[in-house]
2 protein chains.
Amino acid sequence: MKPTIRDVAKMANVSISTVSRVMNSPESVVESKKQRVLGAIEELKYKPNALARGLISKKTHTLGVVIPDIRNAYYAEIIRGMEDASKKLGYSLIICNTDADRNRLFSYLNTFYEKQVDGLLYTSDAVFPDYYKELKRLRMPVVLVSTHSMEYELPSVKIDDEQAAYDATAFLIEAGHRSIGMISFDLSDSIAGQTRYQGYVRALREHNLEFSKDNVFFIQEYYHDPYVAAESLLRQAPNLTAVFASSDVLAMGLLSYLYEKGIQVPDEISVIGFDNIRVSSLTIPKLTTVAQPMYQIGYRAVEKLDARIGGEADPQLRELVPHEIIVRGSTRRLK
Amino acid sequence: MKPTIRDVAKMANVSISTVSRVMNSPESVVESKKQRVLGAIEELKYKPNALARGLISKKTHTLGVVIPDIRNAYYAEIIRGMEDASKKLGYSLIICNTDADRNRLFSYLNTFYEKQVDGLLYTSDAVFPDYYKELKRLRMPVVLVSTHSMEYELPSVKIDDEQAAYDATAFLIEAGHRSIGMISFDLSDSIAGQTRYQGYVRALREHNLEFSKDNVFFIQEYYHDPYVAAESLLRQAPNLTAVFASSDVLAMGLLSYLYEKGIQVPDEISVIGFDNIRVSSLTIPKLTTVAQPMYQIGYRAVEKLDARIGGEADPQLRELVPHEIIVRGSTRRLK
DNA sequence: ATGAAAGCGCTAACAA
DNA sequence: TTGTTAGCGCTTTCAT
């Protein structure tokens with residue numbers, strides 16, 4: 001059997017409270033006893049049982065995280081940031097993939113509640129009323145990651161998606177493009193879909209360019225073939241000179257499609273992606289893209305959640321982190 | 001406060017054991033009481049505290065997983081398989097990135113032990129003696145994933161790396177190539193490095209091709225720029241007609257480098273990758289690669305671990321799952 | 001400074 | 001079938 005606090009107490013010839021003390025407030029234990037206890041702990045390789053501790057302290061030092069799909073490089077990068085921050089702050093992460101399925105989400109929420117996680121990191125997907133109600137009921141501290149909520153007072157960390165999409169489009173416009181297409185996530189996705197689409201539209205408008213419905217192709221976020229999306233857009237709008245893709249993977253699908261069709265990038269069509277996932281510097285040509293600081297988003301989210309768990313007042317409920325356009329080889333300036 | 005079993009008992013006017021029974025062996029409770037209890041549970045939205053349960057049952061229904069880095073698409077895919085299997089079998093996953101750092105690994109092992117995880121999924125990296133000793137001591141059920149151990153009696157799930165590398169190389173040879181290079185992980189990596197390298201060497205030998213040291217470039221697995229690796233290999237061996245890259249990301253770096261140099265793929269050089277990560281079908285040209293069933297590896301590993309936790313005898317300690325060559329556009333047959 | 005004892009929320013004997 | 005009771009391994013009063 002695993003050694004318990006009793007075994008340590010017995011071996012050190014003290015009471016279990018003393019053992020507990022050397023672990024939690026060592027200064028309150030007289031040196032000689034402390035040494036005996038430490039010796040016993042070492043000898044028995046004793047490690048406190050986190051379940052027993054959590055039962056009393058009401059803290060598990062465990063955070064729940066829900067994401068749509070870890071296979072998505074974007075989320076993987078965020079998770080890594082979360083993990084590093086968690087290590088620093090003493091948390092473990094339980095990670096769950098929802099596939100944006102509400103049943104799966106609620107099922108995981110339930111698991112988190114039963115396992116008494118200290119807080120929840122909720123990534124992407126808008127917060128719908130049922131979900132908010134459930135969160136309130138469970139009284140679970142939460143931080144929204146790469147999503148936010150204007151209706152509810154929920155802390156969040158993300159980039160300014162509308163502005164980022166605006167910047168991507170404006171970058172193309174300033175490079176001389178007039179016929180600019182977009183591959184967008186569906187408008188039902190209020191963050192990566194709607195907002196970025198609005199940024200695109202605003203950029204066109206503010207630069208007095210005409211907006212055409214045909215220049216935009218909407219895809220369902222999950223499991224849609226990026227190659228097919230590219231094909232569909234180009235069929236609708238064959239005369240584009242530039243395309244803004246809502247994600248790097250979508251941009252890669254586009255690159256791949258254009259290559260097959262013998263259309264030169266960036267000579268005939270410029271392509272700008274979104275996210276700056278790792279492989280975007282290995283595409284052909286190297287992808288110009290709007291970089292999100294994914295790692296920092298995840299890292300910051302955990303710090304924010306930790307502060308919240310600690311009962312600290314949040315100076316900034318909805319945090320916006322900076323994005324940045326990384327110019328590589330897939331875009332060119334039009335004469 | 002959260003409702004406890006006592007609140008339910010009080011409301012339903014039964015003892016706490018009865019409540020416990022309707023949750024654990026409902027058939028042993030008389031219908032009328034059961035209904036009252038169920039009603040109270042529903043009304044109070046009562047959910048059992050997993051810490052308290054675990055303290056008694058010695059089961060947390062939580063698994064620890066250590067991987068080098070979740071940002072690596074290969075691992076992300078495996079994790080997803082693990083997660084789905086875990087959901088099916090009622091486990092949660094605590095995921096930790098080690099960056100192949102032993103201190104980090106041991107630190108996480110310790111956390112897992114304290115948190116009383118039911119088992120451990122250990123991904124990649126060979127099992128060194130210290131680590132094995134620690135596992136033995138902790139008496140933690142473990143399954144090795146994408147790695148294995150010949151010295152120790154540890155269950156594992158992976159492909160046959162040597163054979164897969166052999167097949168990749170043989171595929172190139174059978175397509176008429178005689179001057180075949182390899183970008184390999186360092187030999188200190190006994191799985192993805194050494195074994196695949198051996199497969200490459202064996203394929204050459206069995207086909208009576210001469211082996212040249214210059215045709216192979218070794219990289220350190222982590223944080224090495226794939227682009228630079230490609231450059232180094234081609235400098236050492238400018239006359240290759242085909243290259244076998246030990247991972248798809250490495251292959252992408254090679255594709256990118258060759259493109260910059262104006263070297264046509266597959267016309268001048270054929271490239272075959274390894275893993276079949278998602279983006280490998282979006283490269284230019286589309287990548288021929290050795291596919292590993294990552295998702296299944298993860299999924300199977302959890303099933304295997306679950307069986308082990310359940311005390312079942314393992315019919316097959318070291319499981320090999322099939323790999324497969326996916327022929328796409330980055331390789332061609334030499335006349 | 002230290003130990004005895006109560007109790008976190010639950011399960012599992014043991015009685016009834 | 002049901003309730004009472006004794007823990008699971010720990011922290012935390014409360015005495016001493």
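So that the names make sense, note that chain A is the first sequence line, chain B the second, and so on, each numbered from 1. Keep in mind it's a predicted model, so treat the numbers as computed, not measured.
Out of D/dT2, D/dT11, D/dG3, the shortest distance to the side chain of B/V14 is found at D/dG3.
In plain terms, the two heavy atoms of A/L93 and A/I79 that are nearest each other are CD2-O, 4.5 Å.
The local environment of CD in A/Q35 is crowded, with over 12 non-hydrogen atoms from other residues, nucleotides or ligands closer than 6.0 Å. For NZ of A/K136, the number of neighbouring non-hydrogen atoms (other residues, nucleotides, ligands) closer than 6.0 Å is 12 at most. When the shell of 6.0 Å around NZ of B/K10 is examined, it contains 12 or fewer heavy atoms from other residues, nucleotides or ligands.
Using a 4.0 Å heavy-atom cutoff across all strands shown, B/V29 reaches sugar-phosphate atoms only and no base atom.
Rounded to a whole Å, the CG atom of B/N13 is 16 Å from the C1' atom of D/dT1. Between the CG atom of B/N24 and the C1' atom of D/dT1 there is a distance of 16 Å, rounded to whole Å. The nearest whole Å value for the distance from the CZ atom in B/R21 to the P atom in D/dG3 is 8 Å.
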Under 3.5 Å, which N/O atoms of the protein pair with N/O atoms of nucleotides 7-9 of chain D?
unit_1: D/dC8; atom_1: O3'; unit_2: B/K58; atom_2: NZ; d: 2.9
unit_1: D/dG9; atom_1: OP1; unit_2: B/K58; atom_2: NZ; d: 3.0
unit_1: D/dG9; atom_1: N2; unit_2: A/A52; atom_2: O; d: 3.4

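For the pair B/R102 and B/F128, the distance from NZ or CZ to the six-membered ring centre is under 6.0 Å and the angle to the ring normal is within 45 degrees.
A salt bridge does not link A/E77 with A/R80: none of the charged nitrogens is closer than 4.0 Å to a carboxylate oxygen. Checked for salt-bridge contact, A/D84 and A/K88 miss the test: no charged N lies under 4.0 Å from a carboxylate O. One finds no salt bridge joining A/K304 and A/E312 here, because no Lys/Arg side-chain nitrogen approaches an Asp/Glu carboxylate oxygen to under 4.0 Å.
For a distance-only test at 3.5 Å, the side chain of B/S17 fails to qualify as a donor-acceptor partner of the base of D/dT5.
First and last contacting nucleotides of DNA chain C toward chain A (any atom under 4.0 angstrom from a heavy atom, 5' to 3' order): C/dA1 to C/dG9.
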